[in-house]
Amino acid sequence: MCGIFGFKGKGNVRGIIKNGLKTLEYRGYDSCGFFLNNKNFTLFDKKVGKGKIDELVLSLPFKIEEEVIVLSHTRWATHGQISEDNAHPHFDCKKEIVIVHNGTIENYQFLKRDLEKKKHKFISQTDTEVLAHLIEENLKKDKNIFFAVISALKEIEGSFAFLITKKGENLIIGAKKNLPLVIGFDGDNYYFSSDPIPIAKYTNKILFLQDDEIFCLDSKIKFYNFKKNIQIKKEFDEIDLKEYKITKGIFDAYMIKEIYEQPEAIEKTLKYFLDETFERLLKQPMPERIIITGCGTSWHAGLIGEYMIEKIIRIPVEVEYASELRYKSPVVDENTLLIAISQSGETADTLGAIKKLKGKCRIFSICNVEKSSIVRESDFTLLTKAGPEIGVASTKSFTSQILILYLFSLTYLFKKRKIDREKFNDICNEILKITEKISFFLNNNNVEKIAEKLIYKTNALYLGRGINFPIALEGALKLKEVSYIHAEGYPAAEMKHGPIALIDENMPVIFICVKDKLMKKVLINMEEVKTRKGFIISVCDFISEDIKKLSDDIILIPHVSNEYMKPFLTVIPLQLLSYYVANKKGIDVDKPRNLAKSVTVE
Ligand code: M6R
């Protein structure tokens with residue numbers, strides 16, 4: 001989604017803005033722009049299209065001795081098509097109030113109609129421009145721009161993070177609700193951003209603005225709660241930004257780097273759980289019923305969680321798409337637990353589902369970003385420690401999420417006294433051994449070769465059973481989002497009820513067939529596909545004559561006997577397959593078309 005980067009200070013403005021915007025590229029964007037404000041001069045430019053940041057920043061000075069304010073933005077189109085007019089920054093009629101914004105102003109059409117009646121002229125189709133005009137209108141009655149912004153905030157509905165400046169004034173104002181806004185200070189210069197990553201290069205003094213907070217920076221910075229109309233005190237924290245200093249290292253893309261980071265992510269998540277979460281989780285009451293929610297890959301992790309929780313602790317679980325749950329009338333009470341899963345902690349639908357059920361049942365979140373909105377709205381958080389995930393495709397966050405769901409189940413099993421601490425520790429040690437198996441597989445596999453065979457295909461089917469059915473869904477999602485090949489995941493036996501009609505020699509069918517109690521059933525499903533000349537790629541942890549006979553290609557993964565640990569291994573080849581197919585097709589895997597890393601609109 002949109003990215004905001006702002007700067008107030010002196011120095012290599014071109015380099016700073018370029019670094020800021022490029023670091024936010026991963027969020028997804030289709031146009032970019034900036035406004036440079038100074039008492040004596042202003043500069044402004046916009047570019048349409050992906051990959052235009054280098055070109056855009058050429059209009060900025062390389063070095064500047066006077067203090068300047070720069071607001072810059074990467075836009076991921078929501079309101080209005082991709083065009084220069086719709087790119088940010090946006091202005092009021094007099095082109096004096098300048099704004100960059102991330103989020104959605106839900107009542108913008110109503111406000112726009114009213115402002116049009118008051119003779120405001122709009123250039124774009126965006127919701128953001130309405131805010132600039134609303135502030136302009138409020139300035140007719142409010143004493144200064146700060147009060148005019150506060151009045152405007154009381155009129156708008158929706159989610160937002162924005163930065164505002166006024167032409168020729170040494171002033172920057174920013175506010176947020178539901179979406180992140182981070183401020184960094186290096187002793188001289190201020191940096192503002194949608195996440196800490198672009199700031200990490202300059203300072204570790206960071207402040208996270210909270211919901212309903214607004215700041216005003218001229219000669220000094222002041223903070224207020226705009227809902228309560230009170231000034232508040234906020235301090236910059238010195239935080240360890242090591243993990244935010246991210247590069248691709250030896251890899252071509254973040255996606256493949258993050259796939260390879262999974263052993264480390266699992267280890268860190270496990271350690272953090274044991275050190276920081278386990279004891280606190282034990283004190284939480286035992287729910288009678290659990291609803292798991294999330295979107296995309298996080299929803300798939302939820303399906304695996306359902307399987308684990310129901311089987312391990314025998315508590316009924318339902319898994320709901322967050323976008324559906326938020327508009328349903330779920331029957332919940334104080335004995336119901338909602339578990340919301342999200343890598344980013346900012347996904348609008350997941351946040352919407354949490355808000356819907358807040359106060360009606362207990363809310364836990366499984367999240368990768370500690371200071372995110374979802375964490376703040378939850379009663380209890382189980383953090384994943386996968387580290388920042390830059391590639392649009394979720395990879396390491398998925399395996400960390402399923403690890404947390406497994407640890408959650410084991411903790412409650414321990415609480416129910418069905419296992420002792422020794423058994424719990426043994427399982428944790430087993431988990432550590434899986435990381436070695438994943439590393440081994442990552443460095444010894446035939447997936448890249450098999451990927452060659454898929455690059456000209458237009459469709460693919462992913463089939464699995466039991467705990468590996470959600471892995472089939474996840475494999476299909478990975479392939480479609482990064483390689484643009486249409487793919488569907490199904491429970492293997494369900495194929496007979498429709499999808500089987502699609503099978504012929506052009507249809508690759510990826511089977512997850514591991515040694516478990518459903519293995520023989522999967523082999524029968526493979527037989528059904530082979531009979532119809534389907535092209536079978538088997539992901540298996542054993543080789544048998546049957547498997548050899550039925551498969552066109554075999555991806556052999558390490559065997560693990562614990563059924564709950566199998567998904568940690570079965571998903572890896574599917575992630576690699578998508579990466580290699582997309583890479584061979586020349587697609588930018590980290591920023592596939594139309595997608596954004598954190599989906600902060602409904
Ligand atoms: O940040 P979240 O986990 O809440 O994001 C949810 C989905 O948007 C996300 O998993 C999406 O489906 C990914 N692109 C999948 O790779």
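Side chains included, hydrogens not; waters and symmetry mates left out as well; all remaining heavy atoms used. Just follow the structure's listing: the first ligand is 1, and inside any ligand the first atom is 1. Keep in mind the model is a prediction, meaning the values are calculated, not measured.
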Open item on the list: So if I count the atoms of ligand 1 from 1 in the order they appear, which ones are less than 4.0 Å from some heavy atom of Ala393?
Closed with: 16 (O)
Task: Heavy atom of the protein closest to atom 1 (O) of ligand 1 (residue, atom name, distance) - done: Ser344 OG, 2.7 Å
TODO: Around atom 12 (O) of ligand 1, find the nearest protein heavy atom and jot down its residue, atom name and distance.
DONE: Gly296 CA, 3.3 Å
Open item on the list: If I take atom OH from residue Tyr580 and atom CE from residue Met255, how far apart are they, to the nearest 0.5 angstrom?
Closed with: 10.5 Å
Open item on the list: With heavy-atom distances below 4.0 Å as the criterion, list the atoms of ligand 1 near Glu481.
Closed with: 13 (C), 14 (N), 15 (C), 16 (O)
Task: Taking atom 7 (C) of ligand 1 as the reference point, the nearest protein heavy atom with its distance - done: Cys295 O, 3.6 Å
Task: Minimum-distance pair of heavy atoms, taken over all atoms of Gly305 and Leu405 - done: CA-CD1, 3.8 Å
- [ ] Ignoring hydrogens and angles, tell me if any N or O in the side chain of Asp211 forms a donor-acceptor pair with the backbone of Asn178 under 3.5 Å.
- [x] yes
TODO: Could you verify whether a donor N or O on one side chain and an acceptor N or O on the other, from Thr104 and Ser159, lie under 3.5 Å apart?
DONE: no
Task: Under 4.0 Å to a heavy atom of Gln343 - the qualifying atoms of ligand 1, by number - done: 1 (O), 2 (P), 3 (O), 4 (O)
Task: salt bridge (Lys or Arg N to Asp or Glu O under 4.0 Å) involving Glu452 - partner list, sequence neighbours excluded - done: Lys584
TODO: Below 4.0 angstrom from a heavy atom of Thr347, which ligand 1 atoms are there? Numbered from 1 as shown, please.
DONE: 1 (O), 2 (P), 4 (O), 5 (O)
Open item on the list: Counting the benzene-type ring for Trp, do Trp299 and Tyr321 have ring centres under 6.0 Å apart?
Closed with: yes
Open item on the list: Show me which atoms of ligand 1 lie under 4.0 Å from any heavy atom of Ser298.
Closed with: 2 (P), 3 (O), 10 (O)
Open item on the list: Is Val392 close enough to touch ligand 1? Criterion: a residue heavy atom under 4.0 Å from a ligand atom.
Closed with: yes
Can you give the donor-acceptor pairs under 3.5 Å from side chains of residues 453-463 to other protein atoms, not counting sequence neighbours?
from   : atom 1 : to     : atom 2 : distance (Å)
Lys453 : NZ     : Asp553 : OD1    : 3.3
Lys453 : NZ     : Asp553 : OD2    : 2.8
Asn459 : OD1    : His486 : ND1    : 2.8

- [ ] Could you establish whether Lys478 and ligand 1 come within less than 4.0 Å of each other, counting only heavy atoms on the residue side?
- [x] yes
Task: atom 8 (O) of ligand 1: nearest protein contact (heavy atom, Å) - done: Val599 CG2, 4.0 Å
Task: Side-chain heavy-atom pair Ile467, Tyr564 within 4.5 angstrom cut-off - done: yes
Task: Winner among Thr297, Ile366, Ile374, Ile341 once heavy atoms are compared against atom 11 (C) of ligand 1 - done: Thr297
